[in-house]
Amino acid sequence: MRDSPQSINIVPRAVLTDQQDLRLTDAVTNVSNVVLGSTIQGRSQNYLIRGFSTQVFAVDGVLVDPAINFYPVTRDLVDAERVEVIKGPASMLFGRGDPGGVINIVTRRPTLEPTADASVQGGSFGFRRFQGSVSSALPAVEGLAARLSFAAQEDPTFRNFGGDTNRRVFVAPAFSWTPSADTRVYVNSEFTNQHSQYDEGLVAFRGRVPLDNISRFYGEPSSRYSGAFNTITMRAEHDVNENLMLRQIVSGQWGTFDVFAARAESVNTAGTLVNRRESAVNSRFAAVDTQSEAVMKFETFGLAHTGLLGIEYSNGFRHALLLQGNLAPVSFLTPVFGAAFQPLRFQSDLKQKLEVYGFYAQDQIVLAPGLQLVVGARFDLGSQYYFSRVPASKSQPPEQTLFGASPRVGLIYRPFEPLTFYASYATSFLPQTASVLNVTSPPPSTGDQIEVGTRVDLNPGLTLSAAAFRITRDNVAATDPQNPTFSVITGQQQSQGVEADLAGEILPGWNIIGSVGLIDARITKDTTFAIGNRLAGVPVFSGSLWTTYDVQHGPLRGLGLGFGITHVGQRYGDLNNSFTVGAYNRLDALVYYDFDAHWRLSVNMRNLTNARYIEAPTSVTNNTPGAPFTVLATITARL
């Protein structure tokens, strides 16, 4: 982290365990200027990092293929060793991506020594979950170890779905093989199956979202979502000698999702009825990604270099069929189930294929003691077939040629060992994957960032980091204000702000992770939305604090206490700035007791004050309410 000229924040497994973070959202809330952007109608998650939305993230450094468009299930964290948030463009690390940053989940590696843990959980609103992980050497092959992580949960939630529930099953087999001290092979696979309610949340009217009844649901009990996402990734590394390491990564991703939903469209002028429609989607997708890299250490003219050369190949497709129909409206304040579904009619048939070659090189040069220069560039070229057939048009477009250059330069200065300063300029390139109505070849999204920052180790286990940044992004996809099912490509948006993060151990047994962020994110050029409008869902000020204390000595040894507060400021709900959602403060607490090295009982309490708030505003008809006061009890057994 100290040798990187950009902000990197890490949420370690200890925090994930103490907070009982069952959603990726709960983990990244600990990081400055990161908030939930949308639950994608209860199906998945995307995030606003430094003001800009990102719908994909990485697992062990491999991004979800952009052709897939979004991660189609809610990501489980049972196999996560830590969660990293790399702020700003990360093209040199992760290839194509959004300019705000990327979230990378580092998985738990298999161990040669036997280990195992399992947890049983129960909580408010009928929540129940079983999870575990077991790891050991496989005696048949020298240096071969395996880990199996798994989780199954049922979550009826506080929302009034008419008796339905949400279910998810996650299984992650992993293998590691070290045939010699110079060679390492790691294979990680993940399989997720999810059946949940299609839930758009609450509806805004006359500039606000009523919070008198946060369980209010405008769908029907038969509105359902089924999603499956699978991936297998192999990473092999070989040290040719002390100055050259070769790395090969191969990853395959595939899955499907199906939607049958009653969707809110608008509120009538009097504010008494919510107009609705039927919607059915069938989508399938698959992708393969390979990365070949060489990491070299060498000297020229007395200067030490660490060089990176890489080639990436990515090939993905998706096919999504959309049907729509009419559906009777429901009351805005007292919706009642039971509307009769009507015949569906064809709306669109989207076919997309994305094939991209990436070439990248980076050199990290030690100019003088404490002074390093990082220079690099990535070049992406390929083709994209993008055809959204609608009833009015069946003409197939030609393939679109893609090219993007993403340079990067950074300077790192360490005047003395605990203190680091850095400055950087970086760019991003991302092929457009949003469903844009009547547009055959939407232009790729590009961005650039200027950042300055510092890190200081207050003690060996406690680090304070701070940064200031400005990001400009062009060709941004946004919800079409005339047809929310589709997107429009807008002009230019800019985000600038400051942030600080503190993480580590203050005293033996006393740990802390906290953040504050201040950000101004606006439209700077556009023909669809007003220039100067604030970006949707982005608070001007946000922050979080989580601290735990574990009694070290005496009769109370084994007892642990935790407390947290999350603040998110007022946000606009759409790019038209037609409505706002209020600021909120959420208070959380933890009590746990370790009976011995093998057994723990913990009780997590969230939203102690039972505050009512919107966790993620997405559009007028899609606003996710935060959960009320909840209790989660966990019994954990360890080998």
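For the single chain, residues carry numbers from 1 onward in sequence order.
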Under a 3.5 Å distance rule, please check whether [X] uses its side chain to pair with a backbone N or O of [Y] as donor and acceptor.
X	Y	result
Gln121	Leu632	no
Ser544	Thr29	yes
Glu220	Gly338	yes
Asp258	Ser226	no
Arg571	Ile614	yes
Arg318	Ala67	yes
Arg276	Tyr218	yes
Arg345	Pro343	no
Lys87	Ser32	yes
Asn30	Ala27	yes

Spacing of [atom1] belonging to [X] relative to [atom2] belonging to [Y], to within rounding of 0.5 Å:
X	Y	atom1	atom2	value
Leu202	Ile214	CG	CD1	8.0 Å
Phe285	Gln253	CZ	CD	9.0 Å
His319	Arg284	NE2	CZ	6.5 Å
Asn230	Trp254	CG	CH2	5.0 Å
Gln45	Ile103	CD	CD1	8.5 Å
Phe260	Glu278	CZ	CD	5.5 Å

Problem - Residues Asp21, Arg606: salt bridge by 4.0 Å N-O rule - result: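 Answer for the salt bridge query: yes.
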
Practice task
State plainly whether the residues Asp526 and Arg522 are in salt-bridge range, i.e. N to O under 4.0 Å.
Solution key: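 No salt bridge links Asp526 with Arg522.
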
Handout entry: Flag if over 12 foreign heavy atoms under 6.0 Å of CZ, Arg389
Key =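 Atom CZ in Arg389 is crowded, with more than 12 foreign heavy atoms closer than 6.0 Å.
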
List the atom of [X], the atom of [Y], and the distance in Å for their closest heavy-atom pair.
X	Y	result
Ala80	Ile105	CB-CG2, 3.8 Å
Arg43	Val259	NH1-CG2, 3.9 Å
Ala627	Asn607	O-ND2, 2.9 Å
Leu48	Gly537	CD1-O, 3.3 Å
Ala616	Gly37	CB-O, 3.8 Å
Ser196	Gly42	OG-O, 3.8 Å

Problem - Phe57 six-ring centre to Arg75 NZ/CZ under 6.0 Å and within 45° of normal - result: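 No - Arg75 does not lie over the ring of Phe57 by the 6.0 Å and 45° rule.
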
Would you say the side chain of [Y] lies within less than 4.5 Å of the side chain of [X], judging by non-hydrogen atoms?
X	Y	answer
Phe158	Ser124	no
Leu535	Leu575	yes
Ser38	Asn46	yes
Val620	Ser578	yes
Asp574	Ser619	no
Tyr225	Gln41	no
Leu608	Phe629	yes
Phe217	Phe337	yes

Pair [X], [Y]: side-chain N/O donor-acceptor within cut-off below 3.5 Å:
X	Y	result
Thr157	Asp155	no
Ser266	Asn275	yes
Gln131	Asp76	no
Gln20	Asn604	no
Tyr47	Thr25	yes

Practice task
For Asn623 and Phe579, run side-chain contact (heavy atoms from CB on, under 4.5 Å): C-alpha distance rounded to whole Å, both residues' side-chain angles, the deciding distance at 0.1 Å, then the answer.
Solution key: CA-CA 11 Å; Asn623 297 276; Phe579 71 100; 3.3 Å; yes

Practice task
Quick one: which residue pairs count as a salt bridge (Lys or Arg N to Asp or Glu O under 4.0 Å) with a foot in residues 608-634, not counting sequence neighbours?
Solution key: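 Qualifying pairs: Arg23-Glu615.
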
Practice task
Please collect all salt bridge (Lys or Arg N to Asp or Glu O under 4.0 Å) contacts where either partner lies in residues 198-208, sequence neighbours excluded, each pair once.
Solution key: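 Pairs touching residues 198-208 that pass the test: Arg159-Asp199, Glu200-Arg263.
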
Exercise for the section: Sort out for me which residue in Gln494, Gln496, Gln493 forms a side-chain contact (heavy atoms from CB on, under 4.5 Å) with Thr472. Expected result: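 Among Gln494, Gln496, Gln493, the one meeting side-chain contact (heavy atoms from CB on, under 4.5 Å) with Thr472 is Gln494.
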
Practice task
Verify side-chain contact (heavy atoms from CB on, under 4.5 Å) between Arg168 and Arg129, making sure each step is shown before the conclusion.
Solution key: CA-CA 10 Å; Arg168 186 176 75 238; Arg129 174 181 169 97; 3.7 Å; yes

Exercise for the section: Can you spot which of Arg470, Arg50, Arg534 makes a salt bridge (Lys or Arg N to Asp or Glu O under 4.0 Å) with Asp520? Expected result: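 The option that passes is Arg534.
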
Exercise for the section: Under the side-chain contact (heavy atoms from CB on, under 4.5 Å) rule, what do Phe341 and Ser222 come out as? Steps first, then yes or no, please. Expected result: CA-CA 10 Å; Phe341 285 94; Ser222 55; 3.1 Å; yes

